[in-house]
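Protein chains get the first letters and strands the later ones, always in sequence-line order, with residue 1 at the start of each. When reading the values below, keep in mind they use all heavy atoms of this one structure, side chains included, and skip hydrogens, waters and symmetry mates. Everything numeric here is computed off the predicted structure, so don't read it as measured data.
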Amino acid sequence: MANRWKSDLREDSVTDEAIYLNRRALLGGMAGVGFAGGAAAASEMEPNSWEEITGYNNFYEFGTGKEDPARHAADMTVSPWSVRIDGLVDRPADYAFEDILSKMVVEERIYRLRCVEAWSMVVPWMGSELADLLELAGVQSNARFVAFETLLRPAEMRGVSSPVLEWPYVEGLRLDEAMHPLTIMATGIYGRDIPNQNGAPLRLVVPWKYGFKSIKSIVRITLSESEPPTSWNKANPREYGFYSNVNPEVDHPRWSQAQERRIGGGLFSPKIPTEMFNGYGAEVAGLYEGMDLRRNF
Amino acid sequence: MRSVDRLNALLKQVPAVAVYVAGVLPAIWLFWQAITGTLSIEPIKSLEHETGELGLQLLIATLLVTPLRRFTGINLLRLRRALGLLAFFYIALHLLIWLLLDVQDPAMIWADVVKRPYITVGMLGFVLLVPLAITSNNRSIRVLGRRWHALHRLAYVAIPLGGLHFVMQAKGLQIEPLVYLGVIFGLLFVRLSALKRRRLA
């Protein structure tokens, strides 16, 4: 399958990062002389730089600081890698990463990424639709949810000695969310292999949900009939729901979700309004028809 | 001469102005890096965090002065005002960065103060520090007399509020803010038990 959906953020020469960097440098210089916020507001379509995307991460297995993953994720062995797909599937097995990759159609998807902490980026992912991977294993008709699990290897993950979350990190989607053509398994950024700090060798990307739903470095995918537990919901159910769709009208109990700051705008970066479903409402709002999104946050 | 006395003699040579100058340098360095784009990928959050943490560390330092003298004989009493005023300087910077660079929208600021408990707590701590900063001068001590000491015990409320603010803003169960709050409560316990003893004597 694949190519079910065309990105609204497609630009002609996306993989040529140098073009973006030049433009950013120019705008960044303008910001420095008082053209406040120009860089961030410059273009909705403009992906963040490689340095921003790979240097500012939340991957608590390597520490809670934003620079910790870039500093420490290199400790993680990502080859060999396999993903166990089990539960309500026809062909439960450990699938080697190379085998998965050889069967997938990898394409570029430029998505907005909105973190629950009210910052955002635009990332030129390389990846394939999760639906294709699930079809590889054969989803059974009674499956309704998909659970995901991140690698837990304490010897290579210095952050897991801290009880900041219950390890391993787990996430979940409703099956229709998982099968949606916007939902991808990313394996690259800017045409290069995805770096460890961004969730190598493969991670989920669900662009209309807060970033923590897009679980990194996946080792297990389980199809089930009932809603699976999710890490942040377990840690604080009042603050993080199962759905966690980007929603400017439902605040996090400790901060507003009405606005966000695009990373890369420098010291005078303005806040920009957050869009419902992170701007993907036309594609995904139908999934939640009739649901009270204030209660199902 | 005992080594503690030698150290105290040396400390006497340190003019308070040197503490102020040294204390302001990190702020200048942080802003320089932020302006030149070398601080971090998200300079607003970094500035906010760094100034808040420095302010809290300096507040803890002011709580350390008396126990340090009691248990080791090292006397920093003469420099405590400088430490306190520097703490206030960093916390005021922290607040200004939050107001002007982070939140930006004045309508949102008030909503945050009222609606978000960690901001309410932090703001209350700051408000309690204002009269202390204003009266941190010889003239106020003269004019207020005994009441000055009573007033400055507000620090024992303001500082744990600062620690609590740090704990409450953390995502997940993070150790570092809890360590700060633990140290603050430990030092408060030492201070308050000493005060109680003095009153009983």
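- Under a 4.0 Å N-O distance rule, the pair B:Glu42/B:Lys45 does not qualify as a salt bridge.
- For a residue to count as touching a neighbouring chain, one of its non-hydrogen atoms must lie under 4.5 Å from one of that chain's; by this rule B:Leu39 does not touch chain A.
- By the 30° and 60° cut-offs, the orientation of the rings of A:Trp50 relative to A:Tyr190 is tilted.
- Using a 4.5 Å cut-off between heavy atoms, A:Trp119 makes no contact with chain B at all.
- Only the side chain of A:Thr64 comes within contact range of chain B, with at least one heavy atom under 4.5 Å from a heavy atom of that chain.
- Interface remark: B:Gln104 contributes side-chain atoms only to the contact with chain A (heavy atom separation under 4.5 Å).
- For the pair A:Arg262 and A:Glu52, the salt-bridge criterion is not met [side-chain N within less than 4.0 Å of a carboxylate O].
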In sequence, state the C-alpha distance, the side-chain angles, and the governing distance for B:Ser40 and B:Ser46, and then conclude on side chain to side chain donor-acceptor pair (under 3.5 Å). CA-CA 7 Å; B:Ser40 70; B:Ser46 299; 2.5 Å; yes

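- A donor-acceptor distance shorter than 3.5 angstrom exists from the side chain of B:Tyr90 to the backbone of B:Ala27, with no hydrogens or angles considered.
- Across B:Thr36, B:Asp112, B:Ile119, B:Ile41, the residue that shares the most heavy-atom pairs under 4.5 angstrom with chain A is B:Ile41.
- Note on B:Asp105, B:Asp102, B:Leu101: by heavy-atom pairs under 4.5 Å with chain A, the leading option is B:Asp102.
- Residue contact with chain A, scored on non-hydrogen atoms closer than 4.5 Å, involves the backbone of B:Ala170 exclusively.
- Annotation: maximal heavy-atom pairing with chain A below 4.5 Å, among B:Met108, B:Lys115, B:Lys171, B:Gln169, occurs at B:Lys171.
- Between A:Leu204 and A:Ile218, the shortest heavy-atom contact is N-CD1, 3.6 Å.
- Neither the backbone nor the side chain of A:Glu239 comes within contact range of chain B; no heavy atom of the residue lies under 4.5 Å from a heavy atom of that chain.
- Looking at A:Leu267, the atoms closer than 4.5 Å to chain B (heavy atoms on both sides) sit in the backbone and in the side chain alike.
- For B:Phe71, the CZ atom counts as densely surrounded, since its 6.0 Å shell holds more than 12 non-hydrogen atoms of other residues, nucleotides or ligands.
- For the set A:Gly55, A:Pro163, A:Ala118, the entry with the most heavy-atom pairs within less than 4.5 Å of chain B is A:Pro163.
- Checked options A:Tyr243, A:Tyr60, A:Phe297, A:Tyr210; the residue passing with A:Trp232 is A:Tyr60 (criterion: ring pair (Phe, Tyr, Trp, His ring centres under 6.0 Å)).
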